[in-house]
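So the structure is just underneath, and the comments pick up after that.
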Amino acid sequence: MELWKLLVASGFFLASWVLGAGGENLPVCSFPAIYNFGDSNSDTGGISAAFEPIRAPYGEAFFHKPAGRDSDGRLIIDFIAERLRLPYLSAYLNSLGTNYRHGANFATGGSTIRRPNETIYEYGISPFSLDMQTTQFLQFKARSAELYREAKNPSDRSTLPNPQDFAKALYTFDIGQNDLSVGFRKLSFDQIRAALPDILNQLATAVRRIYEQGGRSFWIHNTGPIGCLPVNLFYNLNPPPGYLDDHGCVKGQNDIAIEFNRQLKDRVIKLRAELPQAAITYVDVYAAKYGLISSAKTEAGFADPMKVCCGYHVKYDHVWCGNKGMVNGSEVYGPSCQTPSSYISWDGVHYTQGANQWVANHILNGSLSSNPPTPITQACHRS
């Protein structure tokens with residue numbers, strides 16, 4: 001039996017009816033597919049297919065081998081698929097071993113909302129920005145429908161989406177973190193703030209393009225507390241007073257992320273008015289991740305959130321997870337820690353499977369979506 005089916009059979013059964021936020025009984029949505037757009041927080045193999053594959057020990061905690069994911073195991077998008085009783089998403093860019101019957105993943109590690117003006121070989125920013133991902137989706141939709149019509153027998157259609165399912169699918173977005181990280185590298189905080197309306201208008205344009213193609217259900221993550229990524233302190237061991245908050249996060253960066261999220265929420269409210277047939281859920285991933293970091297030791301059972309599981313990180317010497325490097329004239333390998341499940345940060349930038357699962361458990365039940373609170377199993381219902 002396929003892995004995703006085993007997971008469903010062993011505890012991911014969903015009741016047919018649940019209590020709605022307004023006190024009404026709403027049916028569980030029957031999403032036949034997921035189409036995802038994003039960056040490394042939800043990339044399930046795109047950047048590995050397009051460029052150099054992600055290497056071990058990535059993926060080993062769950063897949064027992066590298067699986068195109070920037071984690072030791074599953075990402076939030078994988079837990080979304082499990083909750084909706086669907087298989088894990090194949091990356092659109094992956095040409096081998098793929099199945100698109102229940103959706104496709106257009107996310108790639110390093111992607112931004114706005115088009116990049118640098119190459120991936122400089123700072124790891126992907127050429128597949130959000131407008132390119134939506135263009136790929138439009139091509140995928142048209143081409144797969146053509147192949148579906150031309151298929152001679154059912155087996156030829158088994159890995160293709162049913163054209164009727166695009167209108168019933170869930171469209172998920174988790175992107176924007178890299179727009180901020182590029183800004184922190186190149187711009188002042190005031191310049192980043194000035195760029196936010198354009199960034200979010202481009203995200204809104206992507207949602208509108210999919211809506212015009214028949215998409216109706218949208219699940220949009222805000223951006224996480226980027227100032228809490230341990231990488232921020234790799235080369236800043238003695239930050240000045242006031243630079244960090246009470247949990248060791250870079251306060252100025254998190255303030256920008258909060259402003260990004262405030263404007264994103266406002267833009268989602270406008271989109272609901274502009275797209276009258278759309279069900280658009282805004283999901284406060286920031287609150288979930290910051291809640292995890294702030295309660296890591298006392299409630300969540302994790303180690304210090306600023307500690308990194310994979311890689312060699314001693315003072316100013318850093319060898320990234322799964323790589324080799326020279327430190328004081330000796331070759332050093334960046335290994336995994338012994339207990340990844342007790343860590344929040346996998347490699348200094350990305351979360352461990354354990355942390356991803358914790359966040360997923362706190363967002364998929366609807367407690368961190370708003371107007372009204374909407375569990376992902378009800379995300380087809382318009383507010």
Side-chain angles (χ1 to χ4, degrees), residues 4 30-51 67-69 75 77-78 80-81 84 86-116 120 126-175 202-221 275 277-278 280 379-380:
W4 69 276
S30 297
F31 294 117
I34 303 168
Y35 293 97
N36 182 67
F37 305 84
D39 52 31
S40 59
N41 288 316
S42 60
D43 179 5
T44 56
I47 209 68
S48 278
F51 295 94
R69 292 157 171 81
L75 309 177
I77 189 64
D78 295 312
I80 288 175
L84 297 180
L86 293 172
Y88 301 135
L89 295 182
S90 291
Y92 168 76
L93 293 174
N94 198 350
S95 59
L96 298 172
T98 53
N99 188 321
Y100 300 113
R101 181 66 186 85
H102 296 284
N105 195 349
F106 298 89
T108 63
S111 285
T112 49
I113 294 173
R114 296 206 292 188
R115 289 187 178 181
I120 193 170
S126 168
F128 302 107
S129 53
L130 183 57
D131 66 328
M132 182 59 66
Q133 292 181 25
T134 52
T135 296
Q136 290 172 338
F137 167 76
L138 299 184
Q139 180 181 1
F140 173 87
K141 182 173 181 286
R143 183 70 176 130
S144 64
E146 180 182 346
L147 292 172
Y148 194 89
R149 288 193 303 269
E150 294 173 351
K152 297 293 190 293
N153 54 65
S155 63
D156 293 336
R157 293 177 173 175
S158 63
T159 60
L160 295 172
N162 186 325
Q164 295 180 349
D165 287 348
F166 285 101
K168 306 171 188 176
L170 180 65
Y171 294 87
T172 55
F173 290 79
D174 191 332
I175 193 166
Q202 292 195 37
L203 193 156
T205 296
V207 172
R208 188 177 294 106
R209 291 179 76 187
I210 293 170
Y211 179 85
E212 291 168 352
Q213 289 290 314
R216 291 296 179 263
S217 300
F218 299 88
W219 180 267
I220 301 176
H221 291 182
L275 310 178
Q277 297 180 53
I280 309 175
C380 64

Calculate, to the nearest 0.5 Å, the distance between atoms [atom1] and [atom2] belonging to [X] and [Y] respectively.
X      : Y      : atom1 : atom2 : result
Ser30  : Leu170 : OG    : CG    : 12.5 Å
Leu160 : Leu147 : CG    : CG    : 6.0 Å
Ser217 : Tyr171 : OG    : OH    : 9.0 Å

Is it the case that the side chain of [X] and the backbone of [Y] share a donor-acceptor pair, with hydrogens and angles ignored and the cut-off at 3.5 Å?
X      : Y      : result
Ser144 : Lys141 : yes
Asn153 : Asp156 : yes
Arg216 : Tyr211 : yes
Thr134 : Leu130 : yes

Would you indicate whether the side-chain heavy atoms of [Y] and [X] approach each other to under 4.5 Å?
X      : Y      : answer
Leu89  : His102 : no
Arg209 : Thr135 : yes
Ile120 : Ile47  : yes
Pro87  : Asn99  : no
Phe37  : Asp174 : no
Thr112 : Asp39  : no
Phe166 : Pro32  : no
Arg157 : Asn162 : no

What are the two closest non-hydrogen atoms of [X] and [Y], and how far apart are they?
X      : Y      : result
Pro116 : Ser126 : CG-O, 3.5 Å
Gln133 : Ser111 : NE2-OG, 3.1 Å
Ala91  : Gly46  : CB-N, 3.4 Å

Scan Asn36, Thr108, Asn105 and name whichever one has a side chain to side chain donor-acceptor pair (under 3.5 Å) with Ser42.
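Of the listed residues Asn36, Thr108, Asn105, the side chain to side chain donor-acceptor pair (under 3.5 Å) partner of Ser42 is Asn36.
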Mutual orientation of the aromatic rings belonging to Phe140 and Phe106 [parallel < 30°, tilted 30-60°, perpendicular > 60°]
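Ring orientation, 0 to 90° scale: perpendicular.
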Given Ile77, Asp43, Asp78, Asn41, the one that forms side-chain contact (heavy atoms from CB on, under 4.5 Å) with Arg69:
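Answer to the side-chain contact (heavy atoms from CB on, under 4.5 Å) test with Arg69 among Ile77, Asp43, Asp78, Asn41: Asp78.
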Of Tyr35, Trp219, Phe218, which meets side-chain contact (heavy atoms from CB on, under 4.5 Å) against Thr172?
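Looking at Tyr35, Trp219, Phe218, the match for Thr172 under the side-chain contact (heavy atoms from CB on, under 4.5 Å) is Trp219.
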Run Leu93 and Phe128 through side chain to side chain contact (heavy atoms under 4.5 Å, CB included) and show every step you take.
CA-CA 10 Å; Leu93 293 174; Phe128 302 107; 3.7 Å; yes
For Ser90 and Thr44, what are the C-alpha separation, side-chain angles and deciding distance, and is it a side chain to side chain contact (heavy atoms under 4.5 Å, CB included)?
CA-CA 7 Å; Ser90 291; Thr44 56; over 6 Å; no
Assess the residue pair Glu146 and Arg149 against the criterion (salt bridge (Lys or Arg N to Asp or Glu O under 4.0 Å)); give the C-alpha distance rounded to whole Å, side-chain angles, the decisive distance to 0.1 Å, and a yes or no.
CA-CA 5 Å; Glu146 180 182 346; Arg149 288 193 303 269; 5.4 Å; no
Applying the salt bridge (charged side-chain N to carboxylate O under 4.0 Å, His left out) test to Asp131, which of Arg208, Arg114, Arg115 qualifies?
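When salt bridge (charged side-chain N to carboxylate O under 4.0 Å, His left out) is applied between Asp131 and each of Arg208, Arg114, Arg115, only Arg115 qualifies.
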Looking at the rings of Tyr92 and Tyr100, which for Trp means the six-membered one, are their centres under 6.0 Å apart?
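No, too far apart.
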